[in-house]
J.: 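Below are the structure tokens for one structure; questions will follow.
Just so we're clear, the structure is a prediction, and the values are computed from it rather than from any experiment.
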Amino acid sequence: MFSFRVIKSDGKARLGELITPHGKIRTPVFMPVGTQGTVKAMLHKDLIEIGTQIVLGNTYHLYLRPGAEIIKEAGGLHAFIGWDKPILTDSGGFQVFSLSRGRGDGRSRVRVKDEGVEFRDHLAGDLHFFTPEKVIEIQEAFGSDIIMPLDECVEYPTTYAYAKTAIDRTIDWLDRSIRAKRREDQVLFGIVQGAFFEELRVESALRTVERDLFGYAIGGLSVGEPKEIMYDMTELACQYLPWEKPRYLMGVGMPEDIIEAVARGVDMFDCVAPTRMARTGTLFTSRGKINIRNEKYKKDFSPPDLECDCYTCRNFTKAYLRHLFNVEEISAYILNTIHNLRFYHRLMENIRKAIEEGRFEEFRSAWRRAYSL
């Protein structure tokens with residue numbers, strides 16, 4: 001029902017194939033974020049047209065609205081949203097922990113206990129309590145292909161003592177999640193934490209791998225730390241993760257971060273950047289980011305990216321997109337998002353091709369030159 005294999009490698013970069021009950025995924029892969037059961041400003045047919053293989057859903061938001069029972073009654077998340085390709089759902093833990101600041105020293109809306117997490121939601125301020133068992137129960141109601149356990153994501157910076165407590169709690173919660181899991185048509189990933197301490201990252205990776213799960217995620221990065229620290233922690237974690245299992249870097253990232261993480265052995269990525277930035281007028285192109293709102297595009301009748309094959313670039317100019325954005329037309333968000341997500345999928349396609357042809361380092365260097373990194 002589920003399988004993963006590394007087809008070819010080029011250095012640490014891996015070309016892989018992940019089989020799920022809802023289809024095959026070629027890795028490395030980028031997963032658009034469909035927080036509330038939809039990728040913002042996108043129809044499913046458009047997602048498929050641009051090459052989307054899998055989407056991510058958010059347990060926290062879907063638990064609040066419409067609720068796990070409604071989704072279960074609809075026949076699961078695939079049926080509820082009308083998507084027949086793979087779905088990964090996160091645990092909702094990151095959203096819980098990001099509701100307010102200073103968890104260990106004053107997060108007013110979140111209380112972390114060994115039993116679970118007590119929090120007030122961002123809608124009505126109602127009180128909720130997530131346990132590892134409840135998070136698994138919710139995701140089993142969803143029926144997503146890949147599910148995540150509740151984990152404790154610490155802030156940057158944090159103390160060694162708190163980060164150590166967090167990985168101990170995360171491991172305990174993982175064990176409880178494993179015991180709670182019932183469905184065989186879903187796979188559970190373990191999550192490596194450890195903040196920005198090498199010793200703790202290694203400990204977390206080793207202890208997580210002992211559970212012999214289908215795949216492993218690297219969490220707690222891209223939370224404000226310098227990029228070099230993120231790259232170092234990613235590389236360190238990958239050294240201790242099994243070669244034959246898929247690896248997922250949670251919440252990352254920008255195109256350059258994806259390329260650097262692939263170079264360190266990561267297979268799966270998600271991030272809100274391409275969709276969120278599209279809605280603020282930022283477009284990714286083969287020569288860097290552009291802000292379509294800028295005055296200089298007022299009479300620019302060329303497409304956003306001459307190298308892009310998306311619907312937006314095939315049919316519209318920068319001048320028109322600027323006009324749509326400035327008059328606040330909904331189509332501006334749609335066209336920008338189509339382009340940005342297609343840019344990300346093309347990036348992954350080019351990465352996979354470069355690995356297959358044994359020229360990933362050449363591709364990586366060319367990308368850095370084009371983006372002046």
Side-chain angles (χ1 to χ4, degrees), residues 4 6 11-14 16 18 25 27-31 33 54 56 58 88-95 97-98 146-156 158 163-164 166-171 173-174 177 187-273 348 351:
F4 175 77
V6 177
K12 295 178 181 177
R14 299 134 55 92
L18 172 58
I25 302 164
T27 63
V29 64
F30 178 79
M31 303 178 285
V33 177
I54 176 175
L56 181 144
N58 182 263
L88 180 150
T89 46
D90 62 17
S91 71
F94 180 82
Q95 286 69 33
F97 292 130
S98 62
I146 302 171
I147 63 176
M148 294 289 151
L150 186 65
D151 63 320
E152 184 170 7
C153 178
V154 301
E155 295 174 322
Y156 177 83
T158 192
K164 169 62 174 170
I167 67 167
D168 289 341
R169 185 175 285 131
T170 293
I171 290 294
W173 287 355
L174 175 58
S177 300
V187 289
L188 177 70
F189 277 35
I191 303 177
V192 175
Q193 289 289 349
F196 310 96
F197 303 99
E198 292 186 5
E199 177 184 334
L200 295 182
R201 280 282 166 184
V202 172
E203 178 185 343
S204 179
L206 290 173
R207 294 172 67 185
T208 305
V209 167
E210 285 177 358
R211 275 65 188 172
D212 192 25
L213 297 167
F214 180 84
Y216 299 95
I218 303 169
L221 297 178
S222 192
V223 292
E225 77 281 3
K227 283 186 182 290
E228 286 308 315
I229 292 180
M230 176 175 69
Y231 298 157
D232 289 346
M233 293 298 103
T234 299
E235 185 165 21
L236 182 64
C238 284
Q239 290 176 18
Y240 294 90
L241 297 179
W243 177 261
E244 71 278 8
K245 303 288 184 76
R247 303 161 176 176
Y248 166 31
L249 182 55
M250 305 179 78
V252 176
M254 299 299 287
E256 62 271 19
D257 299 335
I258 290 175
I259 292 171
E260 290 305 309
V262 167
R264 289 159 171 80
V266 177
D267 308 300
M268 302 168 67
F269 303 87
D270 80 279
C271 188
V272 298
M348 307 314 293
I351 287 173

J.: Show me the pairs that pass salt bridge (Lys or Arg N to Asp or Glu O under 4.0 Å) and involve residues 205-220, at least two apart or across chains.
T.: Asp168-Arg207, Asp175-Arg211, Glu203-Arg207, Asp212-Lys245

J.: Could you work out, with side chain to side chain contact (heavy atoms under 4.5 Å, CB included) as the rule, every residue matching Thr89, not counting sequence neighbours?
T.: Thr59, Leu77, Ile87, Gln139, Phe142, Ser144, Ile147

J.: Just so I know, are the side chains of Arg201 and Val192 near enough to count as touching, which here means a heavy-atom distance under 4.5 Å?
T.: yes

J.: Would a 4.5 Å heavy-atom cut-off, applied to side chains only, mark Cys238 and Val266 as touching?
T.: yes

J.: For a quick test of reading the model, state the closest non-hydrogen atom pair linking Leu213 to Leu188 and the distance between them.
T.: CB-O, 3.6 Å

J.: Using the test side-chain hydrogen bond (donor to acceptor under 3.5 Å, both in side chains), find all partners of Glu198 that sit at least two apart in sequence or belong to another chain.
T.: none

J.: Measuring from atom CD of Glu199 to atom NZ of Lys164, what distance do you get when rounded to the nearest 0.5 angstrom?
T.: 8.0 Å

J.: Below 4.5 Å, heavy atoms only, C-beta onward: do Phe269 and Leu56 meet side chain to side chain?
T.: no

J.: At what distance, to the nearest 0.5 angstrom, does CD1 of Ile258 lie from SG of Cys271?
T.: 7.5 Å

J.: Sequence neighbours excluded, which residues qualify as side chain to side chain contact (heavy atoms under 4.5 Å, CB included) partners of Ala13?
T.: Val262, Ile355, Phe360

J.: I need the Met250 CE to Asp90 CG distance, nearest 0.5 Å.
T.: 6.0 Å

J.: What do the steps show when you test Leu241 against Ile218 for side chain to side chain contact (heavy atoms under 4.5 Å, CB included), and what is the final call?
T.: CA-CA 10 Å; Leu241 297 179; Ile218 303 169; 4.2 Å; yes

J.: Can you confirm whether Ile146 sits close enough to Tyr248 that some side-chain heavy atom of one is under 4.5 Å from a side-chain heavy atom of the other?
T.: no

J.: Taking the side chain as C-beta and beyond, is there a heavy-atom pair between Leu174 and Ile191 under 4.5 Å?
T.: no

J.: Strictly distance-based, threshold 3.5 Å: is any side-chain N or O of Ser204 a donor or acceptor partner for the main-chain N or O of Leu200?
T.: no

J.: Check this for me, if you would: do Glu235 and Lys12 make a salt bridge, where the nitrogen-to-carboxylate-oxygen distance has to be below 4.0 angstrom?
T.: yes

J.: Only counting residues at least two apart or in another chain, list the ones meeting side chain to side chain contact (heavy atoms under 4.5 Å, CB included) with Ile229.
T.: Tyr156, Phe196, Glu225, Pro226, Met233

J.: What distance do Arg264 atom CZ and Leu236 atom CG have between them, rounded to the nearest 0.5 Å?
T.: 11.5 Å

J.: Kindly give the heavy-atom pair with the smallest separation between Cys153 and Val223, and that separation in Å.
T.: SG-CG1, 4.4 Å

J.: For Ala237 versus Ala205, what's the shortest heavy-atom pair and its separation?
T.: O-CB, 4.5 Å

J.: Please name the pair of heavy atoms, one in Leu150 and one in Gly93, separated by the smallest distance, quoted to 0.1 Å.
T.: CD1-CA, 4.0 Å

J.: Between Gln193 and Val154, does the side chain to side chain contact (heavy atoms under 4.5 Å, CB included) criterion hold? Intermediate values first, please.
T.: CA-CA 9 Å; Gln193 289 289 349; Val154 301; 5.5 Å; no

J.: Flag the pair Ser222 / Met230 as yes when at least one side-chain heavy-atom distance between them is below 4.5 Å, and no otherwise.
T.: yes

J.: What's the shortest heavy-atom distance between Phe4 and Glu244, and which atoms?
T.: CD2-O, 3.3 Å

J.: In chain order, what residues pass the salt bridge (charged side-chain N to carboxylate O under 4.0 Å, His left out) check against Arg14, with sequence neighbours excluded?
T.: Asp267

J.: Rounded to the nearest 0.5 Å, what's the gap from CE on Met148 to CG on Leu88? Could you check?
T.: 4.5 Å

J.: I'd like to know whether Asp151 forms a side chain to side chain contact (heavy atoms under 4.5 Å, CB included) with Phe94, so could you lay out the CA-CA distance, the side-chain angles of the two residues, the decisive distance to 0.1 Å, and finally the verdict.
T.: CA-CA 8 Å; Asp151 63 320; Phe94 180 82; over 6 Å; no

J.: Determine whether Val202 and Tyr240 make a side-chain contact, defined as any pair of heavy atoms from C-beta on separated by less than 4.5 Å.
T.: yes

J.: Would you say that Phe189 contacts Met268 through its side chain, given a criterion of any heavy-atom pair below 4.5 Å between the two side chains?
T.: yes

